[in-house]
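Following: one structure in structure tokens, then a few remarks.
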Protein chains: 2
Amino acid sequence: MASRAKATILDIAREAGVSKSTVSLVLQGSGLIRPETAVKVRKAIEDVGYVYNRGAANLRKAHSNVIGMVINDLTNPFFAEMAVGMERVFQSAGIVPFIANTAENPVRQEEVLKSLMEQGVAGLIVSPARGTTPGAFRRLESVGLPVVFAMRRLPESRIPVIAPDNHRGAWLATAHLIRKGHRRLAFFGGSSDLVVYHERLGGFREACEALGIAKRDTIVVEGETSRKGGIACLETALAMTEPPTAALCFNDAVAFGVMLALRKRGLEPGADFAVVGFDDVIEAQHYMPALTSVAVDSAGLGERAAHVMLKMIQSRTTRAEDHIGAVNLVVRDSCGPDRRKGDAA
Amino acid sequence: MASRAKATILDIAREAGVSKSTVSLVLQGSGLIRPETAVKVRKAIEDVGYVYNRGAANLRKAHSNVIGMVINDLTNPFFAEMAVGMERVFQSAGIVPFIANTAENPVRQEEVLKSLMEQGVAGLIVSPARGTTPGAFRRLESVGLPVVFAMRRLPESRIPVIAPDNHRGAWLATAHLIRKGHRRLAFFGGSSDLVVYHERLGGFREACEALGIAKRDTIVVEGETSRKGGIACLETALAMTEPPTAALCFNDAVAFGVMLALRKRGLEPGADFAVVGFDDVIEAQHYMPALTSVAVDSAGLGERAAHVMLKMIQSRTTRAEDHIGAVNLVVRDSCGPDRRKGDAA
DNA sequence: TTGATTTATTGGAACGTTCCATTTATAGCG
DNA sequence: CGCTATAAATGGAACGTTCCAATAAATCAA
């Protein structure tokens with residue numbers, strides 16, 4: 001069955017005894033062709049082992065059916081889940097999403113973006129790599145390609161953003177810690193080249209201020225957004241003269257690191273030191289102790305982003321409204337038992 | 001700068017006052033053009049906001065520079081890491097890998113494969129979805145497209161495979177358990193529609209036989225390859241009249257589930273029941289207790305698979321040798337302290 | 001100076017599809 | 001039967017590249 005050179009619609013046409021135009025029509029499921037002819041053509045398609053050449057088709061057609069998803073870190077389950085959420089909606093829209101990983105590397109991101117454009121994608125959903133320069137997306141904008149940012153945003157950019165309410169999430173978590181009786185609070189992990197960092201830290205700061213924690217009683221330790229980073233943060237915090245008794249972590253990975261480091265020092269997370277995570281990845285509920293975390297519904301946000309993209313493509317616009325997803329503090333065991341009544345200040 | 005319709009090499013040619021052929025040459029970095037001309041052309045390219053149309057180019061060129069990676073479950077960090085390993089080598093080869101997720105769904109896989117082919121990929125690395133029918137890849141083979149399987153294989157297929165030595169890994173882990181003094185062993189999780197399952201179970205069985213564990217003292221419980229599956233496996237095993245005292249789990253997720261379920265019953269993993277995982281995902285070392293697991297170096301296998309693919313493309317063949325990666329049992333705390341001396345049968 | 005050689009540049013055909021404008025076949029109607 | 005209306009199928013141009021063969025310009029040898 002396998003012919004030497006790859007088959008084209010002309011081969012099919014010859015095989016079926018019709019014209020290439022007819023074959024093209026069949027391929028597109030046009031209702032203009034007689035059913036029997038269609039059957040005949042479809043058989044020929046099978047026989048010659050034909051593979052549709054989308055590149056050739058796109059030469060004439062307005063736009064392709066592929067959209068690109070550019071993810072900063074696929075090994076982070078948080079982003080992987082978001083990607084899967086997006087895939088779900090694209091699939092049911094007959095669109096094939098191609099995923100590319102930038103591994104948090106702006107240079108790689110540039111390459112990937114370029115390649116995706118050359119491939120003729122209809123749109124791009126991007127979770128920008130840390131350290132992305134503001135100009136990195138200008139090219140895309142100037143071409144009029146629909147782009148939406150997911151999870152992360154860039155400092156100054158007109159590109160629509162789908163992201164969780166980081167500010168509120170941090171506020172909620174911080175308030176929880178304070179309500180538990182803690183008076184010296186820390187914010188662990190993350191770095192200021194991420195807009196998300198400022199949002200979360202902002203929520204933390206505002207909650208402290210609003211609920212009567214003096215600024216000098218809060219400590220902020222930047223660090224890698226990984227377990228390793230969390231370990232480091234805890235070390236430096238506990239080395240201070242007046243160490244904190246609780247920490248809001250930039251994300252769950254940092255929180256896991258903090259808990260690990262606590263154990264290594266013989267301290268029990270929850271009882272001796274309270275920790276709250278952010279993102280609520282699946283592992284959070286399975287940890288010992290189970291991690292209290294701010295749930296952001298990454299899959300849901302992914303779906304949302306995909307829907308926005310679909311609408312943008314459909315209405316051939318490059319603008320859309322931002323969407324800030326609801327967050328929700330899920331309280332588990334990593335902040336210890338409720339002390340509200342016992343020790344008010 | 002942004003022109004209304006998208007710019008083509010003819011626009012560049014006009015802008016730079018040269019012919020389209022010259023522009024094409026510049027685009028390909030040919031050494032035939034005078035440096036000053038090249039500079040002039042490159043400036044024009046910037047000015048008109050040109051985006052290279054790879055689809056059009058591929059119409060003439062032999063083959064594209066994109067290869068597809070089809071992954072059965074991106075949310076599993078094990079596969080995500082493998083994907084990242086592949087990416088690393090493709091990147092340095094100037095190839096852009098597009099990742100597609102099948103979510104363990106053969107139908108979705110079929111669509112994804114089709115789409116990737118239509119896109120004109122130069123090759124495909126696939127970790128097949130569970131339940132893939134043997135015929136699913138015949139089309140690809142007949143077109144002469146290089147394909148390699150990673151991590152998983154199909155029952156009857158001539159497609160080269162890059163996978164860990166599952167048999168040996170299971171053997172090692174089982175021997176470890178037996179050496180620890182366990183005499184009633186279980187194999188938890190996985191299902192028989194996966195070739196990997198048979199390999200790992202085979203290793204388990206052989207080790208038992210070789211080391212004097214009677215078949216009636218081994219119990220095998222199939223189940224989902226997830227935490228949930230692990231929980232279920234443990235429940236059914238402990239409900240038996242003579243329950244096992246140790247288990248080799250199909251993968252780490254199952255092992256985590258088993259440990260969770262043990263705790264929930266007031267049993268301490270390691271002390272009261274030994275558990276070994278498979279894959280050695282990053283979480284394994286951070287768990288409480290740290291999980292003993294068979295390390296398979298997923299990133300390394302990913303790199304290997306990518307190299308094989310590169311070579312296949314280069315030598316335009318569709319065949320290559322299988323590669324079975326070394327495995328390595330990393331012993332941690334989930335099998336309890338060493339009892340070798342104490343209680344020999 | 002002339003022809004040969006090398007260096008730069010160029011026009012045109014080809015790649016595999018879509019889509020418009022036509023043509024051809026079929027049916028409907030008085 | 002001739003005419004129009006409808007249905008089905010078709011040829012050809014166009015899409016944006018690459019690459020070959022050809023040309024034009026510059027250099028060299030004699």
Side-chain angles (χ1 to χ4, degrees), chain A residues 3-42 44-45 48-66 114-115 117-122 143, chain B residues 3-42 44-45 48-66 114-115 117-122 143:
Chain A
S3 47
R4 202 70 225 108
K6 59 184 63 170
T8 78
I9 52 169
L10 284 109
D11 298 311
I12 300 171
R14 197 177 315 116
E15 181 82 8
V18 298
S19 78
K20 65 179 173 31
S21 303
T22 304
V23 176
S24 176
L25 256 7
V26 172
L27 247 18
Q28 304 171 65
S30 162
L32 286 180
I33 31 73
R34 199 151 41 107
E36 317 149 45
T37 311
V39 167
K40 194 172 54 181
V41 170
R42 264 189 278 270
I45 289 177
V48 301
Y50 171 72
V51 176
Y52 184 75
N53 184 332
R54 208 165 280 277
N58 286 343
L59 224 39
R60 295 243 45 196
K61 280 221 287 242
H63 247 330
S64 72
N65 76 144
V66 358
K114 177 152 166 278
S115 190
M117 290 191 67
E118 293 181 356
Q119 221 58 232
V121 296
V143 184
Chain B
S3 47
R4 202 71 223 105
K6 61 184 61 171
T8 78
I9 52 169
L10 285 111
D11 298 310
I12 300 171
R14 197 177 316 116
E15 181 82 9
V18 297
S19 79
K20 65 178 175 29
S21 303
T22 304
V23 177
S24 177
L25 257 7
V26 172
L27 247 19
Q28 301 171 67
S30 162
L32 287 180
I33 31 74
R34 197 153 42 107
E36 317 149 45
T37 311
V39 168
K40 194 171 56 180
V41 169
R42 263 189 278 271
I45 289 176
V48 302
Y50 172 72
V51 175
Y52 184 75
N53 185 334
R54 208 166 280 277
N58 285 343
L59 223 40
R60 294 242 50 196
K61 281 221 287 242
H63 250 327
S64 72
N65 76 143
V66 357
K114 179 154 166 275
S115 191
M117 290 191 67
E118 293 181 357
Q119 222 59 234
V121 296
V143 185

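Just so it is clear: chains get the letters A, B, ... in the order the sequence lines come, proteins before strands, and each one is counted from 1. On a predicted model such as this, the values are computed, not experimentally measured, just so you know. Side chains are part of it too, since the values below use all heavy atoms of this structure and drop only hydrogens, waters and symmetry mates.
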What integer distance in Å separates [X]:[atom1] from [N]:[atom2]?
X        : N      : atom1 : atom2 : answer
A/Glu36  : C/dA25 : CD    : P     : 16 Å
A/Lys40  : D/dA8  : NZ    : P     : 13 Å
A/Glu118 : D/dT17 : CD    : C1'   : 12 Å
B/Tyr52  : D/dT17 : OH    : P     : 8 Å
B/Leu32  : D/dC20 : CG    : C1'   : 13 Å
A/Lys6   : C/dG16 : NZ    : P     : 8 Å
B/Arg34  : C/dT10 : CZ    : C1'   : 14 Å
B/Leu25  : D/dC20 : CG    : P     : 11 Å

Heavy atoms only, 4.0 Å cut-off, all strands: where does [X] land among base, sugar-phosphate and nothing?
X       : value
B/Val51 : sugar-phosphate
B/Thr8  : sugar-phosphate
A/Ile9  : base
B/Leu27 : nothing

Q. Given A/Lys20 and A/Ser24, is the side chain to side chain contact (heavy atoms under 4.5 Å, CB included) satisfied, shown in steps?
A. CA-CA 6 Å; A/Lys20 65 179 173 31; A/Ser24 176; over 6 Å; no
Q.
Among residues 53-61 of chain A, which ones have heavy-atom contacts with DNA chain D below 4.0 Å?
A.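 By residue number: A/Leu59, A/Arg60.
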Q.
Run B/Leu59 and A/Asn53 through side chain to side chain contact (heavy atoms under 4.5 Å, CB included) and show every step you take.
A. CA-CA 9 Å; B/Leu59 223 40; A/Asn53 184 332; 3.8 Å; yes
So, is [X] near the phosphate of [N], with a side-chain N or O under 4.0 Å from OP1 or OP2?
X       : N      : answer
A/Ser24 : C/dT17 : no
B/Gln28 : D/dC19 : yes
B/Ser19 : C/dT9  : no
B/Ser21 : C/dT9  : no

Q.
Exactly one of A/Val23, A/Val48, A/Val41 should register a side-chain contact (heavy atoms from CB on, under 4.5 Å) with A/Glu15. Which one does?
A.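 Exactly one option meets the side-chain contact (heavy atoms from CB on, under 4.5 Å) with A/Glu15, and it is A/Val48.
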**Q.** Nearest-neighbour nucleotide for the A/Lys20 side chain, C/dT9, D/dG11, D/dA9 considered
**A.**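 That would be D/dG11.
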Q: May I ask you to say whether A/Lys40 pairs ionically with A/Glu36, meaning some side-chain N is under 4.0 Å from a carboxylate O?
A: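 So A/Lys40 does not pair with A/Glu36 through a salt bridge.
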(Q) For A/Lys6 and A/Val51: C-alpha separation, side-chain torsions, deciding distance, then whether side chain to side chain contact (heavy atoms under 4.5 Å, CB included) applies. (A) CA-CA 8 Å; A/Lys6 59 184 63 170; A/Val51 176; over 6 Å; no
Q: Could you pull out all residues at least two apart from A/Arg14 that satisfy salt bridge (Lys or Arg N to Asp or Glu O under 4.0 Å)?
A: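 A/Asp11.
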Q.
Let's go through B/Ser19 and B/Thr22 carefully: what are the C-alpha distance in whole Å and the side-chain angles of both, what is the deciding distance for side chain to side chain donor-acceptor pair (under 3.5 Å) to 0.1 Å, and is it a yes or a no?
A. CA-CA 5 Å; B/Ser19 79; B/Thr22 304; 3.2 Å; yes
